[in-house]
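So the structure is just underneath, and the comments pick up after that.
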Amino acid sequence: MTTTVYTGYPARDAKATLRALGAPMAVVAGLGVCCAVVWIGDPTTPGGFLPLCPTKALFGIDCPGCGGMRMAYSLMHGDIPAALHYNAVSFVVVLLLVWSIVVWALGRLRGRAMNSWLHWRWTPLVFSIVFVVWFVIRNLPFAPFTGLRV
């Protein structure tokens, strides 16, 4: 049998494997295009074509995602300390995203759904709390929190 998408049967031939990995490969390709744009745009150098964060531009504060493109640029260049400086929470989210895509692809190859962090009961609550706390602490106007601004 050559069906692969959560049927209980693993992909056994090349056609079934390609069908199973088609959607994850499309997502990875899209992420690759986004990474190429960030690489070319170099958000660490002011005046590029990449957009500014609307929250920072309008209100002058850092949103939870501020520094995310600079984090991705630094990560692609292997500069982990700079990536963590620009946005430590986004760095962790990137790791979780990679985990999710790998689990998704494996599940499709095995023909059955597999759980990742996205399926955990407390994920939405924990993610929301981290999001709000990160938003607040990186905008506090006193040390050591001023070092979290980008």
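In this chain, residues are counted from 1 in sequence order.
Put simply, the side chain of Thr55 reaches to within 4.5 Å of the side chain of Ile61, judged on heavy atoms. The closest side-chain heavy-atom distance from Val27 to Ile101 is below 4.5 Å. Using a 4.5 Å heavy-atom cutoff, the side chains of Leu18 and Met25 are in contact. Here the side chains of Val126 and Trp120 are not in contact, with every heavy-atom distance at 4.5 Å or above. At a threshold of 4.5 Å between non-hydrogen side-chain atoms, the residues Trp134 and Asn87 count as touching. Under the 4.5 Å side-chain criterion, counting only non-hydrogen atoms from C-beta, Pro43 is in contact with Val38.
What you find for Met114 and His119 is that their closest heavy atoms are O-CE1, 3.7 Å. Scanning both residues, Pro64 and Ser90, for their nearest heavy atoms gives O-OG, 4.3 Å. Nearest heavy atom pair, residue Ala83 against residue Phe91, reads CB-CD1, 4.1 Å. In terms of heavy-atom proximity, Arg138 sits nearest to Cys63 at NH1-O, 2.9 Å.
Side chain of Arg149 to main chain of Asn139: a donor-acceptor pair is present (N/O by atom type, distance under 3.5 Å, no hydrogens or angles).
Atom SG of Cys66 and atom CE of Met71 lie 12.5 Å apart (nearest 0.5 Å). With rounding to the nearest 0.5 Å, the separation of OH in Tyr86 from CG in Leu84 is 12.0 Å. Distance check: Leu96 CG to Leu118 CG gives 8.0 Å after rounding to the nearest 0.5 Å. Cys53 contributes atom SG, which lies 8.5 Å from atom CG of Leu58 (distance to the nearest 0.5 angstrom). For the atom pair CG of Leu50 and CE of Met69, the computed distance is 5.0 Å after rounding to the nearest 0.5 Å. The distance from the CG atom of Leu75 to the CD1 atom of Ile80 is 5.0 Å, given to the nearest 0.5 Å.
In terms of hydrophobic clustering, with Ile, Leu, Val, Met, Phe, Trp and Tyr side chains grouped at heavy-atom distances under 4.5 Å, Phe135 and Leu125 are assigned to different clusters. Under a hydrophobic clustering in which Ile, Leu, Val, Met, Phe, Trp and Tyr are joined whenever their side-chain heavy atoms come within less than 4.5 Å, directly or via other members, Phe131 and Trp117 fall into different clusters. Using a 4.5 Å cut-off between side-chain heavy atoms of Ile, Leu, Val, Met, Phe, Trp and Tyr, with links allowed through other members, Val136 and Val133 fall into the same hydrophobic cluster. Grouping the Ile, Leu, Val, Met, Phe, Trp and Tyr side chains by contacts below 4.5 angstrom, directly or via other members, places Ile129 with Phe145. Both Val37 and Met76 sit in one connected hydrophobic cluster of ILVMFWY residues. Membership requires side-chain heavy atoms under 4.5 Å apart, directly or through other members.
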Ile137 and Leu148: CA distance, side-chain angles, deciding distance, side-chain contact (heavy atoms from CB on, under 4.5 Å) verdict: CA-CA 8 Å; Ile137 67 168; Leu148 297 174; 4.0 Å; yes

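No side-chain N or O of Trp104 forms a donor-acceptor pair with one of Ser116 less than 3.5 Å apart.
Listed by first and then second residue, the salt bridge (Lys or Arg N to Asp or Glu O under 4.0 Å) pairs involving residues 32-60 are Lys56-Asp62 (not counting sequence neighbours).
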